[in-house]
Amino acid sequence: MDWKNKRVAVIGCARSGIAAAKKLKELGAIPFLSEFRPQDDCKDALSTLSQINYECGGHSNKLLDNELIIVSPGVPLDIPILVAAREKQIPVWSELEFGYQLTKGTSSKIIAVTGSNGKSTTVSLIYHILKESGIKALLAGNIGLPFTSFPIEKGMYDYIVLEVSSFQLDTIQDFKPDIAVLLNITLDHLNRYHTLDAYKTSKLRIFENQTGQDRALLNFDDPECRIITNRIEAQKYWYSIEEKVNDLVWFDGDKIYIETKKNTIEISRNELQIRGLHNVSNAVVSSLAALLCDVKPKHILAALKTFTGLEHRLEWVAEIDGKIFINDSKATNCVSVEKALSSFDRPINLIMGGSDKHEDFSSLIPLMIEHVRNLIILGETQKQIYETFENNVKSHKVADLEEAVRLGNDLAQSGEYVLLSPGCASYDMYNNFEERGRHFKEIVKNLQ
């Protein structure tokens, strides 16, 4: 596509919106950035723009004077200006689609990963394996830096590994990964998707444009994944940690096995530096994806042993007087909290709460009874969480994260965990889960 002098509007001045506007300018297009928030709320982001026109405080009809609209993931698709754009037949893309249009004429191959949980760990591990194997790879998307913030149009990467959200998939057109991975589907983002079917439909768009030349990796252990196979035209590869469903990579007992041309090699789950059975599953699918990229099995096993995990995902922070502090700020739904609680074999003093995503916290009651000695609750969802668990676990209400950490330290006994695993988004108190996690670590550091 020739971008020279093409008029393109970008809605939203968060990371992906700013990246898209800058890339458009670089390509010779005429970008126009529109942000709903007042200018004072986003002046830092806007200060990075050069010779790009923008508006703040609302979306005007100037947007309808453009040939294309690129919408940031967090922008609801039913706002009036987007309804008007569709009536005028102006295409509405995600930054993900824009990035794909820039790469589809190059030799770079795309590995895209979606799912309700585990995306960040899985894309990071795939990227780590490729990089450690000497392959020129890029990690981007809904993790770290946006897709279009890199020189992707130059074809300088062998593989581009993308974390892809349902919000990004809502506005794709031609996006087609060479390898698409669906980790799981559990009800999430009820503030945007009102039914599981609507959410699932969004997730499944990752396979929408794939052909028989492409690969689809699917979690056999997830019932929602198993019932959608007839909608996928790509070559299907199942993976599992419960049974052997392929002859390439599988888990049995406490070992991951990888088939080579000559024999089978193995790694014990205890050799992984990432905790929990859910991370064994992430390691299995990452290994499978790497094999499909022709990475040698011995290089995969070596990389699995050196992957240390992600910040804010079951991250060890400190041990103080025998009490172990764990940062799991990225746990923004109940399924993530469930996985966190199942990852430890000693009593947990759990910090939960945040902004409301309409979660049903009652699903956690059995694990709360089994693993949690004290529950410390804060944030917008405090009342709901307290009422859910007050009869099952000793519960404490606090005003903010600092009070929560200090109370956790006071309540915890030597050998126990103080775990931040909120089960909620962060927007009632923080700009994102990263900011929340960094604040948690700062508070813990000040305890020492």
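Bear in mind the structure is a predicted one, so any value in this text is a computation, not a measurement. Residues: numbered from 1 along the sequence shown.
Distance check, rounded to the nearest 0.5 Å: CD1 of Ile143 to OH of Tyr127 gives 10.5 Å. How far CG of Asp44 is from CG of Leu46: 9.0 Å, rounded to the nearest 0.5 Å. Here OH of Tyr430 is found 4.5 Å from NE2 of His439. Values are rounded to the nearest 0.5 Å. To the nearest 0.5 Å, the span separating CD1 on Ile377 from CE on Met352 amounts to 8.0 Å. In this structure, the separation between CG on Leu218 and NZ on Lys236 is 8.0 Å, given to the nearest 0.5 Å. With rounding to the nearest 0.5 angstrom, the CD atom of Glu95 is 8.0 Å from the OG atom of Ser72.
Val164 is not listed as a side-chain neighbour of Val113, based on a closest heavy-atom distance of 4.5 Å or more. Side-chain contact between Asn219 and Val285 is absent, with no heavy atoms from C-beta onward closer than 4.5 Å. Side-chain contact between Tyr237 and Val249 is absent, with no heavy-atom pair separated by less than 4.5 Å. Counting only heavy atoms from C-beta outward, the side chains of Leu183 and Thr122 approach each other to under 4.5 Å. Counting only heavy atoms from C-beta outward, the side chains of Tyr386 and His396 never approach each other to under 4.5 Å.
For the pair Lys109 and Tyr159, the cation-pi criterion (under 6.0 Å, within 45° of the ring axis) is not fulfilled. Both the sub-6.0 Å distance and the 45° axial angle are not jointly satisfied by Lys176 relative to the ring of Tyr100. For the pair Arg226 and Phe220, the distance from NZ or CZ to the six-membered ring centre is under 6.0 Å and the angle to the ring normal is within 45 degrees.
Under the 3.5 Å distance criterion, with hydrogens and angles disregarded, no donor-acceptor pair is assigned to the side chains of Arg275 and Ser343. Side chain to side chain, Ser116 and Tyr199 meet the donor-acceptor criterion of an N or O pair below 3.5 Å. For the residue pair Thr114 and Lys203, a side-chain donor N or O sits within less than 3.5 Å of a side-chain acceptor on the partner. Using a 3.5 Å distance cut-off with no hydrogens or angles, the side chains of Asn333 and Ser336 do pair a donor with an acceptor. Donor-acceptor pairing under 3.5 Å is recorded for the side chains of Ser34 and Glu55. Checked by atom type, the side-chain pair Asp170/Ser202 shows a donor-acceptor distance below 3.5 Å. No side-chain N or O of Asp222 forms a donor-acceptor pair with one of Asn184 less than 3.5 Å apart. A donor-acceptor contact under 3.5 angstrom links the side chains of Ser120 and Glu163, judged on distance only.
Lys200 has a carboxylate O that lies under 4.0 Å from a charged side-chain N of Glu224, or vice versa, which qualifies the two as a salt bridge. One finds a salt bridge joining Lys104 and Asp174 here, because a Lys/Arg side-chain nitrogen approaches an Asp/Glu carboxylate oxygen to under 4.0 Å. Electrostatic pairing of Lys244 and Asp252 does not count as a salt bridge here, judged by no charged N lying under 4.0 Å from a carboxylate O.
For the side-chain contact (heavy atoms from CB on, under 4.5 Å) with Ile300, the lone residue among Leu288, Ile258, Ile267 that qualifies is Ile258. Of the listed residues (Arg438, Lys441, Lys330), just one forms a salt bridge (charged side-chain N to carboxylate O under 4.0 Å, His left out) with Glu311, and that residue is Lys441. Of the options Leu420, Asn327, Val405, Asn409, a side-chain contact (heavy atoms from CB on, under 4.5 Å) to Val444 is made by Val405 and by none of the others.
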Step-by-step ring pair (Phe, Tyr, Trp, His ring centres under 6.0 Å) determination, His371 to Phe344: CA-CA 8 Å; His371 294 283; Phe344 302 103; 8.9 Å; no
Take Ile256 and Leu272 through the side chain to side chain contact (heavy atoms under 4.5 Å, CB included) test and state the conclusion after the steps. CA-CA 10 Å; Ile256 296 173; Leu272 302 177; 4.3 Å; yes
Evaluate salt bridge (Lys or Arg N to Asp or Glu O under 4.0 Å) for Lys357 paired with Glu359, printing each intermediate quantity in order. CA-CA 6 Å; Lys357 292 173 68 180; Glu359 290 276 318; 5.1 Å; no
Using the salt bridge (Lys or Arg N to Asp or Glu O under 4.0 Å) rule, take Glu416 and Arg346 through it: C-alpha gap first, then chi angles, then the decisive distance, then the call. CA-CA 6 Å; Glu416 295 184 348; Arg346 283 180 277 171; over 6 Å; no
Tell me, with the steps shown, if Leu419 and Ile351 meet side chain to side chain contact (heavy atoms under 4.5 Å, CB included). CA-CA 6 Å; Leu419 169 66; Ile351 300 171; over 6 Å; no
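Surrounding NZ of Lys445 are at most 12 heavy atoms belonging to other residues, nucleotides or ligands under 6.0 Å away. Within 6.0 Å of atom CZ in Phe36, 12 or fewer heavy atoms from other residues, nucleotides or ligands are found, so the atom counts as exposed in its surroundings. Summarising the local packing, CZ of Arg373 is surrounded by more than 12 heavy atoms from other residues, nucleotides or ligands at distances under 6.0 Å. Enclosure of atom NZ in Lys394 is not indicated, since only 12 or fewer non-hydrogen atoms of other residues, nucleotides or ligands lie within 6.0 angstrom. Counting non-hydrogen atoms of neighbouring residues, nucleotides and ligands closer than 6.0 angstrom, the CD atom of Glu233 reaches no more than 12 such neighbours.
Classification of the Phe433-His312 ring pair by plane angle, with boundaries at 30° and 60°, yields perpendicular.
When atom types are taken as modelled, the side chain of Arg269 and the backbone of Lys255 share no donor-acceptor pair closer than 3.5 angstrom.
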